Amino acid sequence: MIMKKPKIDQGKCIGCGLCVSLMEKVFRLNEEGKAEVYGGCEGWEGCEGKIVEAIEACPVQAISWETAKGR
Ligand code: SF4
């Protein structure tokens, strides 16, 4: 099974916190003030649509999809 997961390009991220406020179950700011992904969409209805919102909302296009193989 293929799971879609977001990834963050931390070189681009400016730490605005927008993705975190949209999706605090998936994104958080690390101690350097950059966004990171710490949760996935497994078993969460509507999650992918919210991630698409975050991808579109990010002012520097730092968020994209990573395709990871699930178990
Ligand atoms: Fe970083 Fe983009 Fe998230 Fe802002 S919306 S914290 S720039 S990844």
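Counting convention: from 1, in listed order, for ligands and their atoms alike. Keep in mind it's a predicted model, so treat the numbers as computed, not measured.
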Decide side chain to side chain contact (heavy atoms under 4.5 Å, CB included) for Leu18 and Phe27; before the verdict, give the C-alpha distance in whole Å, the side-chain angles of both, and the deciding distance to 0.1 Å. CA-CA 10 Å; Leu18 206 56; Phe27 303 113; over 6 Å; no
Hey, does the side chain of Gln61 reach the backbone of Ile55 with a donor-acceptor pair shorter than 3.5 angstrom? no
Option whose closest heavy atom lies nearest to atom 6 (S) of ligand 1, chosen from Ser21, Gly17, Gly33: Gly17
Cation-pi check for Trp44 against Lys25: NZ or CZ below 6.0 Å from the six-membered ring centre and within 45 degrees of the axis, yes or no? yes
Contact check, side chains of Asp9 and Ser64, non-hydrogen atoms, under 4.5 Å: no
Separation between SG of Cys19 and CD of Glu36, rounded to the nearest 0.5 Å: 10.5 Å
What's the count of protein N, O or S atoms under 2.8 Å from atom 2 (Fe) of ligand 1? 1
Would you indicate whether the side-chain heavy atoms of Lys7 and Ile63 approach each other to under 4.5 Å? no
